[in-house]
Amino acid sequence: MKYQADTIEKKWQQYWDENNTFLVDDKGKQKFYGLVEFPYPSGDGLHTGHLRSYTAMDVLCRYQRMQGFQTLYPMGFDAFGLPAENYAIKTNTPPKITTEKNISNYIKQMKDIGLSFDWDRSFSTTDPDYYRWTQWIFIQMHKQGLAYKAKENINWCTSCKIGLANEEVVSGACERCGGEVVKQEKEQWMLKITEYADRLINDLEQVDFLPQIKKQQVDWIGRSEGAEVQFKIKDSQEILEVFTTRPDTLFGATFMVVAPEHIAIHQLEGKISNLAEVKKYIVAAKKKSDLERADLNKDKTGVELKGLKAINPVNNEEIPIFVADYVMMSYGTGAIMAVPGHDQRDYEFAKKYNIEIRDVVMPVDGEVRDGEEYRETISATIQRKSDGKFLLLKWKKFNWLAPVIGGIEEGETPEQAAEREVLEETGYKAKAIKRLGNKTEEHFYAENKDVWRYRVDNPILLELDDESAQDISDTEKAKHEIIWLSEKEALQSVSHEYNKIGILIYLDKYGAYGGEGRAINSGEFDGLLTAEFKQKIIKWLEKNKLGKAAVNYKLHDWIFSRQRYWGEPIPMVNCDKCGWVAVAEDDLPIELPDIKDFKPTDDGQSPLAKAEDWVKTECPSCGGQARRETDVMPNWAGSNWYFIRFCDPKNNQELIDKKKAEYWLPVDWYNGGMEHTTLHLLYSRFIFKFLYDIGVIPKKVGSEPYKKRTAQGMVLGEGGIKMSKSKGNVINPDSYVSRYGADTVRMYEMFMGPFDQSIAWDDKGVAGIYRFLNRAWDLQDKLDEKADNVDINNVLHKSIQKVGEDIVAMRFNTAIAQLMILANALEKQDKINNEVFEKFVLILAPFAPHMAEELWSELGHKDSLAHEKWPKYDAKLAQDELVTIGIQVNGKVRSEIELPHDTEPSEDIKKQILEQDKIKKYIEDKELIKFIHIKNRIISIVVK
RNA sequence: GCCGGCGUGGUGGAAUUGGUAGACACGCAGGACUUAAAAUCCUGUGGCCGUAAGGCCGUAUCGGUUCAAGUCCGAUCGCCGGUACCA
């Protein structure tokens, strides 16, 4: 019988629906909660990327069910958002209608592909029964002081009259209309995520996320430790406070810089003598978008605030103050102490504006240790004029390449020492020109002298008197040879970074030294190493009330207001008497009113502002006249806690029942796109921790929502190009499902390549999987109760093992390869025993569930196989009895030998191998040096 | 610029984590079936030399460590992703 994908698949999808095959309760002993990101139901329908993620988790969940786990695999819709709203503005179709239509299409598509969701738990974030609790969470945050209103700068499109997200601003213009975008202050609701910053970093230890995902979380939070330091303004009461991670470089602060938005400029206006110039600069800077300002390639610009001086608190020096847009108001205090000697940005700025660059940290390489031999040295940088090459010594015995380095003898200046050493070691007469930077310190093992050395080096620039060398002593000749290398060669091949410093300074490529080291030019602190210095200076600052230890985060509080319609109304009311008051919890949900005009107002308020009847309300506190908040919540609001609600989706008493929370949470495995591993993950972890703190999430569950997080690679269009409508290369999964069936599409998406890598769609590959499934189907023609398939025991048991192991490691491609190997082996059998075939069907089931169900029922079973036990494998049978291992002679494979598995090395085997003709040929007349036999792996013979 | 990841046949990719490189699949070539084509089945398939046995080369490039390197180390080149002056 030919395989009829369409009818068979429809039949089983209907069966699963009617028999509630995948509905779960919280009764089983062991649970597994598998989660994928619920989609925004767009008009385009599901795409191949959704399918890759959903199918992978479906395979996992189907496998877990067969392991006996009570397996929850839920699905819902994140349906608030811009596309439906923009569509509404264009066509006047209420977003509710568009959304409902799209959702039903999504559900149909998901059912068509055979995903084993518990549909009884499904909801949309736009359901009032759901967003009632989203609003409830907001009120709880407000109660705890974690939701507050503040003025914030937003991107304002002057033509659309609408606030834009950073992503919607393209080189200073509105992405949609090309209109001018300016910064505008607006009152916004904010959530205090910064209060959770440290926990959001530290608790990552408890979870199993991919390392790059953890790193993204940590980087986004951007914690840095340092100090806040106060700089007085000369002849003024004003103070400029800065944040620095390098308080140990305070002595090198030779100027200050403030951001263009810094209020100090305003406050000190009267004292600025070039105010017109300064204001002009500020206006120009404000016009630039953040992206432009962040463009690293551009030159640093700035203007000095003439007439103002700041006082460096450590040495009371007067230093100039600049305004420059390389300092951001949004980080730290919006003002910096500039240390051009040890910060690359400050260095570039100082070079451009001729400000003093003062080194206060001597580079230290290696670690101080006991018993080191101290020596002060010179290192010589010499460039030949004729071809621009650098003079270097290649040490014969030690495989070093370094400039001429030598000790300074008594009574000698470093310059004299340099001239002498160059002459002695190379025969060239050279004149010392200048020192290249300050001294450097190195701690290293001097191989040539067999001692640990503590060296303080003076890089010195010399010039050759003429380019011909005199003869040098034989002892010097024996030690090293002189070579001349181009700049590139030299920087590439000189051993140790610190030996390159002289050349780099000479070429002006060294810049600012930002590393660790020893304090110099730092008054009483001279000689301290960086770490120690930081400790001491912070205490000194605290004692003198000039500063204190401080921690800064890149992470900001979360702006939670959007001037839109299609989002959760923020449940707050503004009363003239009482100010902002939260809506009574019993009044939730505050439903989004039906409106007719979805455009924002002229002054940039949410379209809701026009719904006067809805806006006017009573103050929950005093009962007086009040007005509702007309801004709505951002898209993130509904998606950051949805996985909690899946555990108890219909509860109208509380957000979640404690017992259900304890049973299902945390999520065991969360898979999704890499694009959501930063913000969505961070926000939902934050909300979960908050709910944990207020007792909604039981203590037993812990404060991390997801035990494990993985991410799939993108599905690219054919030829490896990103799919996009404009390129017309979007793959529509529906057409493949109708052509080949869901099982083929599912399996192809799992087979196409490693799950975490981006991979291009290939039509031919789809056809290949289709062929495989048809061959698997045809195997049932060979069924015979009496068949004896002992000769495939090995591959059968190996397959049961490997497929299971590969599924839980998300190595779906190799799991499928193994299924193919097994199918190929079965095909070669004359007859196939029913029990053997059952095992094949069971391990095929997670990937191709429809076909597997049909084969299963053909085998005489009445029930679905969804809850059948995963077959057991016999570890002994899964092991090959005989192992063929290669025999190498001097690293080349010359022969092989078949040995029983786990054969230990023995004299017998050795003898046997040395007698092999193929081997004899290579070892005759030679001395046997080594004979290596690694059990089950290799035999390696070395002869001379 | 910085931070990650990757580079293997004509193609997608395997490789027990240092142990016979190229599993599995696609494509291609030859053959069978067919009046023919499609579908299906069988055989072959990294390159070079050779009728063959066999040999040499081969995992981006160069170098190193090792009995043994796709795998480890160093440098270079290339691609992909993330990030953006974070003080």
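In what follows, chains carry the letters A, B, and so on, assigned in the order in which the sequence lines appear, proteins first and then strands, with residues in each chain numbered from 1.
- Look at the P atom in both B:G58 and B:U71: the space between them is 13 Å, to the nearest Å.
- For B:G7, the paired base is B:C77 (Watson-Crick or G-U wobble, both distances below 3.5 Å).
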Could you pull out the protein-nucleic contacts involving nucleotides 7-16 of chain B (nitrogen or oxygen on both sides, under 3.5 Å)?
from, atom 1, to, atom 2, distance (Å)
B:G12, O2', A:Met752, O, 2.6
B:A14, OP1, A:Asn813, ND2, 3.0

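- In this structure, the side chain of A:Tyr513 engages the main chain of A:Glu516 through a donor-acceptor pair within 3.5 Å.
- The phosphate of B:A84 (OP1 or OP2) has no side-chain N or O of A:Tyr331 nearer than 4.0 angstrom.
- With a cut-off of 3.5 Å on both Watson-Crick or G-U wobble distances, the partner of B:C28 is given as B:G44.
- Nucleotides B:C24 and B:U43 have their P atoms positioned 12 Å apart, rounded to a whole Å.
- Regarding the sugar-base torsion, B:U17 falls in the syn class, its angle being within 90° of 0.
- Its glycosidic angle being more than 90° from 0, B:G22 falls on the anti side.
- Residue A:Lys215 contributes atom NZ, which lies 12 Å from atom C1' of B:G81 at whole-angstrom precision.
- Using modelled atom types, no side-chain atom of A:Thr903 and backbone atom of A:Leu899 make a donor-acceptor pair closer than 3.5 Å.
- The separation of B:G44 from B:G78, taken at their P atoms, amounts to 42 Å, rounded to a whole angstrom.
- Look at CE on A:Met714: it is 14 Å from C1' on B:C79, rounded to the nearest Å.
- In summary, A:Arg223 and A:Asp198 engage in a salt bridge, as defined by a charged side-chain N under 4.0 Å from a carboxylate O.
- Nucleotides B:U61 and B:C77 place their C1' atoms 7 Å apart, quoted to the nearest Å.
- At least one side-chain nitrogen or oxygen of A:Ser224 sits closer than 4.0 Å to the OP1 or OP2 atom of B:A87.
- Nucleotides B:U76 and B:G55 are separated by 33 Å at their C1' atoms, to the nearest Å.
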*Is there a side chain to side chain contact (heavy atoms under 4.5 Å, CB included) between A:Ile938 and A:Ile885 once you walk through the steps?*
CA-CA 5 Å; A:Ile938 198 113; A:Ile885 65 178; 5.7 Å; no
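- Taking a cutoff of 4.0 Å between a charged side-chain nitrogen and a carboxylate oxygen, A:Lys764 and A:Asp762 do not qualify as a salt bridge.
- No engagement by A:Tyr3 is indicated, since no non-hydrogen atom pair under 4.0 Å with the nucleic acid exists.
- Taking the charged nitrogens against the carboxylate oxygens, A:Lys798 and A:Asp880 do have a contact shorter than 4.0 Å, which makes a salt bridge.
- On a pure distance criterion of 3.5 Å, a polar donor-acceptor pair joins the side chain of A:Lys300 and the base of B:C85.
- Contact between the side-chain N/O atoms of A:Lys764 and the OP1/OP2 oxygens of B:C26 is not found at any separation under 4.0 Å.
- For the pair A:Lys782 (side chain) and A:Glu827 (backbone), a donor-acceptor distance under 3.5 Å is present.
- Spacing of P atoms, B:C42 relative to B:U51, comes out at 31 Å, to the nearest Å.
- Nearest nucleotide to the A:Lys918 side chain, out of B:G54, B:A87, B:G19: B:G54.
- Here CZ of A:Arg775 is found 8.0 Å from CG of A:Leu779. Values are rounded to the nearest 0.5 Å.
- Within 4.0 Å of A:Asp346, counting heavy atoms only, lies no atom of the nucleic acid at all.
- At a threshold of 4.0 angstrom between heavy atoms, the contacts of A:Gly222 with the nucleic acid are absent.
- Taking atom CD of A:Glu241 as the reference point, atom P of B:A87 lies 16 Å away to the nearest angstrom.
- Phosphate proximity of B:C56 to A:Arg894: present, with a side-chain N or O under 4.0 Å from OP1 or OP2.
- Across all strands shown, B:U35 has no partner, as no Watson-Crick or G-U wobble contact with both distances under 3.5 Å is found.
- The residue A:Lys892 sits close only to the backbone: its heavy atoms come under 4.0 Å of sugar-phosphate atoms, none of a base.
- As a whole-Å value, the separation of A:Leu555 CG from B:U83 C1' is 16 Å.
- Note on A:Ile821: only backbone sugar-phosphate atoms sit closer than 4.0 angstrom, heavy atoms only; bases stay farther off.
- The aromatic ring centres of A:Phe751 and A:Phe847 sit 6.0 Å or more apart.
- When the nucleotides B:C86, B:C24, B:C67 are ranked by their closest atom to the side chain of A:Arg345, B:C86 comes out on top.
- Residue A:Asn552 contributes atom CG, which lies 8 Å from atom P of B:A87 at whole-angstrom precision.
- Rounded to an integer number of Å, the gap from CE of A:Met820 to C1' of B:C26 is 10 Å.
- With a cut-off of 3.5 Å on both Watson-Crick or G-U wobble distances, the partner of B:U16 is given as none.
- Using a 4.0 Å cut-off between charged nitrogen and carboxylate oxygen, A:Glu228 and A:Lys548 count as a salt-bridge pair.
- Two residues, A:Ile887 and A:Ala767, neighbour RNA chain B, and the one matched to the more 5' nucleotide by heavy-atom proximity is A:Ile887.
- A:Asp756 has its CG atom 18 Å from the P atom of B:C80, to the nearest Å.
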*Decide side chain to side chain contact (heavy atoms under 4.5 Å, CB included) for A:Asp756 and A:Met810; before the verdict, give the C-alpha distance in whole Å, the side-chain angles of both, and the deciding distance to 0.1 Å.*
CA-CA 9 Å; A:Asp756 56 353; A:Met810 293 198 136; over 6 Å; no
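- Within 4.0 Å of A:Lys554, counting heavy atoms only, lies at least one base atom of the nucleic acid.
- Separation of the P atoms belonging to B:G70 and B:U45 is 22 Å when rounded to the nearest angstrom.
- B:C2 is paired with B:G82 under the Watson-Crick or G-U wobble criterion, all donor-acceptor distances under 3.5 Å.
- Across all strands shown, nothing is found opposite B:U51 as a Watson-Crick or G-U wobble partner with both distances under 3.5 Å.
- Note: A:Trp777 and A:Phe772 fail the aromatic proximity criterion, with ring centroids not under 6.0 Å apart.
- Looking at heavy-atom distances under 4.0 Å, A:Thr333 makes no contact with the nucleic acid at all.
- Residues A:Gly768 and A:Ser330 both approach RNA chain B. Their nearest nucleotides, taken by heavy-atom distance, put A:Gly768 toward the 5′ side.
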_Treating primed atoms plus P, OP1 and OP2 as sugar-phosphate and everything else as base, which nucleotides of nucleotides 37-49 of chain B get B, S or - for protein heavy atoms under 4.0 Å?_
---SS--------
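- Within the 3.5 Å criterion, the main-chain N or O of A:Gly713 finds a donor-acceptor partner in the side chain of A:Arg52.
- Under a 4.0 Å N-O distance rule, the pair A:Lys944/A:Glu927 does not qualify as a salt bridge.
- Taking atom C1' on both B:G82 and B:U66, the two are 36 Å apart, rounded to the nearest angstrom.
- If you check B:C3, B:G54, B:A21 against the side chain of A:Lys921, the one that comes closest is B:G54.
- In this structure, A:Glu261 atom CD and B:C85 atom P are separated by 13 Å, rounded to whole Å.
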